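Written below as structure tokens is the structure these notes are about.
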Amino acid sequence: MPELPEVETVRAGLSALVQGATIQGVTVPYPKVITGDVEQFKAQVLGCTFERFDRRGKYLLFRLSNHHTIVSHLRMEGQYSVEPIEATPHKHTEIIFKLTDDRALMYNDTRRFGRLQLVETGQEGQAVDGLGKLGPEPTAAYLKLDYMVKIFQKSHRMVKPFLLDQSKIAGLGNIYTDEVLWQSKIHPESLTDHLSQEQIAELRTNIIAEIKRAIAEHGTTVHSFSNVFGKVGEFQNKLEAYGRVGEPCHRCGTPMIKFKVAQRGTTICPVCQIKQ
DNA sequence: TTTATTGTTGAGTT
DNA sequence: AAACTCAACAATAA
């Protein structure tokens with residue numbers, strides 16, 4: 001499931017492989033992948049060059065040479081691959097950008113949840129609601145401690161769904177949320193306004209460090225994630241909570257337990273992570 | 001056959 | 001009004 005580090009890994013791969021390439025044709029075997037008018041999308045991107053690949057939260061932003069941007073969200077299982085232009089599309093290929101250098105950029109999505117939308121560059125926030133409402137990136141430069149303390153203290157929600165809320169902090173999903181809560185010894189059902197300033201500070205430090213480490217390891221492959229080169233990430237070997245139900249906690253040895261928090265599978269150490 | 005899984009959205013509720 | 005909750009979306013594996 002691509003969260004921020006996986007999306008960043010895809011961005012870096014696209015940047016390395018496709019930056020500067022020009023679109024000579026587009027086919028859309030699964031038209032629903034496009035939000036908006038498909039014919040208009042095809043007409044507008046034809047002949048454009050991919051000038052740059054940006055990312056905001058879990059959204060990919062393909063900057064085109066005609067002052068438009070393709071906003072691409074991978075949702076659950078979206079993947080990009082670069083292939084020879086005559087390559088046969090996969091079973092779940094939803095869009096194919098044929099490039100003038102005889103390669104093709106394909107988007108594949110077994111769950112069919114991901115979407116692409118063409119917007120005017122600079123208007124992404126207005127055109128894509130979730131993108132406009134994103135909270136700060138989980139980095140030291142953007143995620144300030146006073147902001148964290150402020151939003152935690154004025155809310156009464158459980159900390160896990162709060163961290164999953166992209167409008168508070170951008171980019172965290174189910175995996176990294178379980179990881180940082182384990183690292184911070186915080187129970188996922190603790191209320192945000194019951195946490196001490198020290199706990200919020202530690203949580204912030206762990207979020208920033210964890211995202212940075214996961215990006216350095218090219219993301220986590222739990223189900224199907226692979227980057228543009230078809231390679232899996234390396235971070236799944238370093239997970240301390242997610243997927244470790246029944247296995248001993250790496251701090252205290254207690255078997256990890258799993259239950260639902262706000263409809264999401266959640267793995268914790270029942271000894272280390274005590275509800276506040 | 002049923003259930004769990006995942007991120008975001010939009011409808012509905014407090 | 002703003003904050004929050006939850007079902008829906010699609011496909012697959014167990």
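A, B, ... follow the sequence lines: proteins, then strands. Residue 1 opens every chain. Keep in mind that this is a model prediction, so the values were computed, not measured.
- Taking every side-chain heavy atom of A:Lys154 into account, C:dA3 is the closest of B:dT6, C:dA3, B:dG7.
- Between the base of B:dT5 and the side chain of A:Arg264 there is no donor-acceptor pair shorter than 3.5 Å.
- What separates CZ of A:Arg111 from P of C:dA11 is a distance of 10 Å, to the nearest Å.
- For C:dA10, the OP1/OP2 oxygens have no side-chain nitrogen or oxygen of A:His92 closer than 4.0 Å.
- The residue among A:Asp109 and A:Pro161 whose nearest nucleotide of DNA chain C lies closer to the 5′ end is A:Pro161.
- Aromatic ring pairs are classed by plane angle as parallel below 30°, tilted from 30° to 60° and perpendicular above 60°; the pair A:Phe62 and A:Phe53 is perpendicular.
- Put simply, A:Tyr242 has a side-chain N or O that comes within less than 4.0 Å of OP1 or OP2 on B:dT6.
- At a threshold of 4.0 angstrom between heavy atoms, the contacts of A:Lys133 with the nucleic acid are absent.
- A:Arg63 and A:His68 share no donor-acceptor pair across their side chains, judged by distance under 3.5 Å alone.
- Expressed to the nearest 0.5 Å, how far CD1 of A:Ile207 lies from OG of A:Ser184 amounts to 7.0 Å.
- Below the 3.5 angstrom threshold, one finds no donor paired with an acceptor across the side chain of A:Arg112 and the base of C:dT12.
- For A:Asn174, the side-chain atoms get nearest to B:dT6 when compared with the rest of C:dC4, B:dT6, C:dC9.
- C:dA3 atom C1' lies 18 Å from atom CD of A:Gln153, rounded to whole Å.
- Regarding A:Leu134, its CG atom lies at a distance of 11 Å from the C1' atom of B:dT8, rounded to whole Å.
- Remark: A:Arg251 is positioned above the aromatic ring of A:Trp182, its terminal NZ or CZ atom under 6.0 angstrom from the ring centre and at most 45 degrees off the axis.
- Out of C:dA3, B:dT8, B:dG7, the shortest distance to the side chain of A:Phe113 is found at B:dG7.
- Not a single donor-acceptor pair under 3.5 Å links the side chain of A:Ser15 to the backbone N or O of A:Ala12.
- What separates CZ of A:Arg157 from P of B:dT13 is a distance of 18 Å, to the nearest Å.
- Under 4.0 angstrom from either OP1 or OP2 of B:dA4 there lies no side-chain N or O belonging to A:Lys258.
- Counting only heavy atoms from C-beta on, A:Gln263 has its side chain closest to C:dA7 among C:dA7, B:dT5, B:dT9.
- Rounded to whole Å, the distance from NZ on A:Lys160 to C1' on B:dG7 is 13 Å.
- Here A:Lys32 reaches the OP1 or OP2 of C:dA10: one of its side-chain N or O atoms lies under 4.0 Å away.
- The phosphate of B:dT8 (OP1 or OP2) has a side-chain N or O of A:His73 nearer than 4.0 angstrom.
- Straight-line distance from the CG atom of A:Asp129 to the C1' atom of B:dT8: 10 Å, rounded to whole Å.
- Under 4.0 angstrom from either OP1 or OP2 of B:dG7 there lies no side-chain N or O belonging to A:Arg115.
- The side chain of A:Ser155 contributes no N or O atom lying less than 4.0 Å from OP1 or OP2 of C:dA3.
- In this entry the distance linking OH of A:Tyr59 with P of B:dG7 reads 13 Å, nearest Å.
- At whole-Å resolution of the value, CG in A:Leu131 and C1' in B:dT9 are 14 Å apart.
- A:Phe162 comes within contact range of no nucleotide atom at all, as no heavy-atom separation falls under 4.0 Å.
- A:Phe97 and A:Phe50 have perpendicular rings, their planes meeting at more than 60° on a 0 to 90° scale where under 30° would count as parallel.
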